[in-house]
Student: 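Let me give you the structure first, and then I'll get to my questions.
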Amino acid sequence: MINGNTQGIRQALLAQMEAMQEIECDRDVFLPEALMQEMARFTGLLNREISVYLSRSGSVLDVTIGDADTVGLPEVHRRRSLARLSGVRCIHTHPGGDSTLSDVDLQSLQRLKLDAMAAIGVTAEGRARALSVAFLDEPGREGQYKLLLAGPFPANRVPQAGLMQQIEEADARISAALPPPQRTVERAIVVGLCESEDAPSLLELARLADTAGAQVVYRLFQNRSRAESATYIGSGKAQEISLLVGSADIDLVIVDDELTGAQVRNLEEIVGCRVVDRTALILDIFAQRATTREGKLQVELAQMQYQLPRLTGLGVALSRLGGGIGTRGPGETKLEVDRRRIRRRITDISRELKEVKRQRNQRRERRERNEVPVVALVGYTNAGKSSLLNLLSGANVLAEDKLFATLDPVTRRIRLPSGMDCLLVDTVGFISKLPHDLVDAFQSTLEEALHADLLLIVQDVADPNFADQAVVVDQVLTSLGAGGKPVLRAYNKHDLAPEVSADREDVVLLSTRTGEGVPELLAAIQSRLQHLHRRLELTVPYDRGDVVSFLHKYGSVLEEEYGEAGCRICALVDPVTEERARKMLER
């Protein structure tokens, strides 16, 4: 797309000008001859200035048309780094043949901290005559930089490599003269394939970035039906981002999907900064929040599984040596060593997690023998599960208004209105596009939902996308094999969305902030558990100690009193245990 003053220019001519954006530029070339000739030709045809912005890697970031006297330069109020140049050079034309840089040109060079400002003198016939260039030198007084002027050079004898060397030297001088800024957070751009910058997935990605500690400066979208194989978002959008990276002090680009190693590599080459995908971002959050040994092992396993297929090197040069004449060598390449190390570490972590899973299963079996019913708190991340656990049990679990505030599962015992006890298990929150590596790594933790007696699904009804989030939770539970479990839904944050009503029988309206709905929720939990576990009261003769032992082993004994007729025992049992206990007494 051509920017600037395009009024009165035929579309066919604008289409020809767009071809300038595809001209390739090597890293050691300041201005390709083909690009200079095209800029001069269009300047002669239009009698208007034309500017082109080139990145340090050689990508054409922008083409802008001005008028006969000047070409508009974008107002950039933030720079990539206070101690570095912007990474962008501006080259523009001067109709009339004079390549002398104007005061406006030099002020723009100072204000935008460009790599270089260059002017091409163009004749009326549309031929380039000369090129003049200015660079920033070390800073002087009152924030102004000294200037280095080069040229004018004849158009056919531009010292390409020398001018690029000047940029590197200027960058080094400025970096050495100014201390680096004390950056507290990374500035990020989030981008995805969607229809608007307010798409739910993109908004959620911005919240994930905030949770990870980044400051989201821009939310960008690319409205296309499927991802582009090389760069995911397409080269045009990537170049648009590159211009923002150079002008808006951007450290990081976050893409709202899982990228291949090649896509990450290609994007980083174009945009000029680090690129991470949604999966890497979530893994980073998990790594920050894992506190238990199991949680840390699970995060490390997921990271290793994510990294292994993305190890990249120099193609065939890094393939295994020793495969024939001309391929034999002293040993493994670094790429193969990395792969072997990661595979070995995956094996070690998997072995440790199997032991942790065995211990978890033993604890679960003890709970099942004691017949203490288990209620698993599940739901979308940041729906209020930890806040509810704290409210019901008096626990002190971290509860923040951030995604994935809780990572490691927490279990607390609570008492229901009837005196019946149950265990509440807080689990990791779900999210759309949940990475497969995370599901695999956290399988043992997520099994808490699979083995629970009741699933308490907590939903944030104040979130405009809570209906879509409910679908995601149901899909994840089904994929875990817990789709047929008894379910109770807690519509949390009802105080922020009072218009929402209980639209189904298994719903309780709730607010963990005000305490609204807590008695109703406890009563609903008790009612559903009583269908699974019954309160049994028996008087057992003293000579039938086997029945008492049986109830202690397979039930949860609530009360035990000794009277004249025998031991009066009150226990919470399932229907099968009740039937067996009664038959034992009939013998």
Student: Is Lys385 salt-bridged to Asp426, going by a charged N under 4.0 Å from an acidic O?
Tutor: no
Student: To the nearest 0.5 Å, tell me how far Leu521 CG sits from Gln526 CD.
Tutor: 11.5 Å
Student: Distance from Leu536 atom CG to Glu579 atom CD, nearest 0.5 Å?
Tutor: 12.0 Å
Student: Quick one: closest heavy-atom pair of Leu208 and Ile285, and the distance?
Tutor: O-CD1, 3.4 Å
Student: Is the shortest distance from a Lys or Arg side-chain nitrogen in Arg351 or Asp348 to a carboxylate oxygen in the other one below 4.0 Å?
Tutor: yes
Student: Do Glu228 and Lys237 pass the salt bridge (charged side-chain N to carboxylate O under 4.0 Å, His left out) test, and can you show the C-alpha distance, the side-chain angles, and the key distance before you say yes or no?
Tutor: CA-CA 11 Å; Glu228 199 265 333; Lys237 178 62 70 172; over 6 Å; no
Student: Which one of Asp256, Asp468, Asn465 satisfies the side-chain hydrogen bond (donor to acceptor under 3.5 Å, both in side chains) criterion with Ser201?
Tutor: Asp256
Student: Step by step, work out the salt bridge (charged side-chain N to carboxylate O under 4.0 Å, His left out) result for Arg582 and Glu578.
Tutor: CA-CA 6 Å; Arg582 292 189 184 278; Glu578 179 185 10; 3.4 Å; yes
Student: Regarding Tyr232 and Glu258, is there a side-chain donor-to-acceptor distance under 3.5 Å anywhere?
Tutor: no
Student: Give, for atom CD of Gln305 and atom CD1 of Ile349, the distance between the pair rounded to the nearest 0.5 Å.
Tutor: 8.5 Å
Student: Ignoring hydrogens and angles, tell me if any N or O in the side chain of Gln263 forms a donor-acceptor pair with the backbone of Thr231 under 3.5 Å.
Tutor: no
Student: Salt bridge check: are Asp474 and Arg489 linked by an N-O gap of less than 4.0 Å?
Tutor: yes
Student: Can you list everything that forms a side-chain hydrogen bond (donor to acceptor under 3.5 Å, both in side chains) with Glu300? Sequence neighbours excluded, please.
Tutor: Arg345
Student: Look only at the side chain of Thr512 and the backbone of Ser387, and say whether a donor-acceptor pair between them is shorter than 3.5 Å.
Tutor: no
Student: Sub-3.5 Å donor-acceptor pair from the side chain of Asp495 to the main-chain atoms of Ser511, do we have one?
Tutor: no
Student: Specify the closest pair of heavy atoms between Ile254 and Ala209, including all atoms of both residues, with the distance to one decimal.
Tutor: CD1-CB, 3.7 Å
Student: If the threshold is 4.0 Å, N to carboxylate O, is there a salt bridge linking Lys493 and Asp463?
Tutor: no
Student: Name the one of Leu267, Leu252, Asp251, Val253 that satisfies side-chain contact (heavy atoms from CB on, under 4.5 Å) with Cys273?
Tutor: Val253
Student: Hey, does Cys194 have a side-chain heavy atom less than 4.5 Å from the side chain of Asn223?
Tutor: no
Student: Scan for ring pair (Phe, Tyr, Trp, His ring centres under 6.0 Å) pairs involving residues 473-530, sequence neighbours excluded, and state none if there are none.
Tutor: Phe466-Tyr491
Student: For the atom pair OG1 (Thr211) and CG (Asp284), what is the distance rounded to the nearest 0.5 Å?
Tutor: 11.0 Å
Student: Among Leu377, Leu488, Leu477, which one satisfies side-chain contact (heavy atoms from CB on, under 4.5 Å) with Leu455?
Tutor: Leu477
Student: Which heavy atom of Val458 sits nearest to which heavy atom of Ala383, and what is that distance?
Tutor: O-CB, 3.4 Å
Student: Going through the checks in order, is the salt bridge (charged side-chain N to carboxylate O under 4.0 Å, His left out) test met by Arg278 and Asp257?
Tutor: CA-CA 5 Å; Arg278 185 184 184 94; Asp257 224 319; over 6 Å; no
